[in-house]
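Fair warning: this is a prediction, and the values are worked out from it, not measured in the lab. In what follows, chains carry the letters A, B, and so on, assigned in the order in which the sequence lines appear, proteins first and then strands, with residues in each chain numbered from 1.
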Protein chains: 2
Amino acid sequence: MARPPQISGAEWEVMKVLWEASPLTGSEVAERIGGHPKTVKTLLGRLVRKGALRYTEEGNRYLYRPTLAREKYVAEESKSFLRRVFGGEATPALVHFVETVDLSEEEIQELRELLDRRAKGEKS
Amino acid sequence: MARPPQISGAEWEVMKVLWEASPLTGSEVAERIGGHPKTVKTLLGRLVRKGALRYTEEGNRYLYRPTLAREKYVAEESKSFLRRVFGGEATPALVHFVETVDLSEEEIQELRELLDRRAKGEKS
DNA sequence: TGACAACGACTACAGTTGTAATCCATATTG
DNA sequence: CAATATGGATTACAACTGTAGTCGTTGTCA
């Protein structure tokens, strides 16, 4: 199973709008991210080349849509981030986030419940 | 307060060994990451140019050391990761990690305690 | 003291990225 | 229909990256 292709920062912006709504034309995407249409077109082309997007022709223009769900990319990026910055260890990263970020009471509660569920059993 | 300079993947490897032990000569760094000395020298030079490393001369060679603590970079990279992948929201990222990564009983316990402490007050 | 090894400085070079512009064909508008 | 706007294809181009090689100097070993 081939890994999702590598997506750059600007490309990620493009993917985001297409994960929110697709298919879209190039101009629609450009409009939503508020970027220069030419630039966005370039990015769309690169993403197609990388296999992150497909398109279908609608009259004279293309309709783009993602080939993979956002979650796949999130997982990939997260792993790469963990590897790079935390030597692949999730716990130090979790500790870092919990310690440095503002969390509301509700969020803390949510996370605590999640950990509880995690603690009982759905282990591998 | 100027942000820590942007560090690429290969450069990060170099920084890691210097955060573990410094100062080191170029060859020592190369040895520890097991990379080609020439390549490592290039990276060291770039990091100096970027301001991520300083060096002092020791005889005919340089001794390199980081200009900033690892934590600064970790914070920077983490923020940029959150922004890119999770729209700047920490909680979804935390949820993602807790759900997708294997955590030992002890790690879960550690995180739970951390959340508890977080819940009582020490905002910052 | 002469050959060689190691150093830093500089150079190389292709691939990626961000940001567009140019070119040509077609669609739209007056 | 003519002028223009728009679309995709192609081209541009500098900065950044990964990965080294070349050059000139100097310390070291035989």
Side-chain angles (χ1 to χ4, degrees), chain A residues 2-18 22-65 67 73 76-77 80-81 83-85, chain B residues 2-18 22-65 67 73 76-77 80-81 83-85:
Chain A
R3 321 243 143 300
Q6 187 62 40
I7 305 279
S8 80
E11 286 164 358
W12 192 274
E13 294 306 308
V14 170
M15 294 304 291
K16 277 205 291 203
V17 323
L18 284 165
S22 79
L24 295 177
T25 67
S27 325
E28 285 167 340
V29 173
E31 198 179 311
R32 300 199 183 198
I33 53 187
H36 194 298
K38 290 299 189 183
T39 300
V40 172
K41 243 305 286 168
T42 300
L43 295 173
L44 287 167
R46 287 176 183 171
L47 285 165
V48 168
R49 191 149 38 80
K50 288 182 180 185
L53 294 179
R54 285 178 303 110
Y55 63 82
T56 50
E57 300 195 29
E58 176 252 23
N60 61 326
R61 61 198 74 181
Y62 291 170
L63 290 179
Y64 296 90
R65 72 195 79 205
T67 56
Y73 285 91
E76 187 68 15
E77 290 289 322
S80 125
F81 165 73
R83 200 175 345 100
R84 246 166 63 73
V85 178
Chain B
R3 321 243 145 298
Q6 189 60 39
I7 306 280
S8 79
E11 287 165 357
W12 192 273
E13 294 305 307
V14 170
M15 294 304 290
K16 277 205 289 204
V17 324
L18 284 165
S22 80
L24 295 177
T25 68
S27 322
E28 286 167 339
V29 173
E31 200 178 308
R32 300 199 182 198
I33 50 187
H36 193 298
K38 289 299 190 182
T39 300
V40 173
K41 298 294 180 58
T42 300
L43 295 173
L44 286 166
R46 288 176 183 172
L47 286 165
V48 168
R49 193 150 35 82
K50 287 182 178 184
L53 295 179
R54 284 178 305 111
Y55 63 84
T56 50
E57 300 195 28
E58 176 251 25
N60 61 325
R61 64 199 71 182
Y62 292 169
L63 290 179
Y64 296 90
R65 73 196 77 208
T67 56
Y73 286 92
E76 188 68 14
E77 291 289 321
S80 123
F81 164 74
R83 202 176 343 101
R84 244 166 65 72
V85 179

- For nucleotides 14-30 of chain C, read 5' to 3', which letter fits each nucleotide if B means a protein heavy atom sits under 4.0 Å from the base, S means only the sugar-phosphate is that close, and - means neither? ---BBBBBBB---S---
Whole-Å gap separating [atom2] ([N]) and [atom1] ([X]):
| X | N | atom1 | atom2 | answer |
| --- | --- | --- | --- | --- |
| B:L47 | D:dT19 | CG | P | 14 Å |
| B:Y55 | C:dC7 | OH | P | 16 Å |
| B:E31 | C:dA6 | CD | P | 12 Å |
| B:E28 | C:dA6 | CD | C1' | 14 Å |
| B:E57 | C:dA9 | CD | C1' | 13 Å |
| B:E13 | D:dG18 | CD | P | 10 Å |
| B:L44 | D:dG18 | CG | P | 13 Å |

- Rounded to the nearest 0.5 Å, what's the gap from CD on A:E58 to OG1 on A:T25? Could you check? 8.0 Å
- Rounded to the nearest 0.5 Å, the CD atom of A:Q6 sits from the CD atom of A:E11 at a distance of 9.0 Å
- OP1 or OP2 of C:dA9 sitting under 4.0 Å from any side-chain N/O of B:Y62? yes
- Query: With respect to the phosphate group of C:dA6, does any side-chain polar atom (N or O) of B:S27 fall under 4.0 Å of OP1 or OP2?
  - Reply: no
- With under 30° as parallel and over 60° as perpendicular, where do the rings of B:F81 and A:F81 fit, or are they tilted in between? parallel
- Item | Minimum-distance pair of heavy atoms, taken over all atoms of B:R84 and A:W12 | O-NE1, 2.7 Å
- Under 3.5 Å, is there a donor-acceptor pair between the side chain of A:T42 and the main chain of A:K38? yes
- State whether the side chain of A:T67 and the backbone N or O of A:A52 hold a donor-acceptor pair below 3.5 Å, judged by distance alone. yes
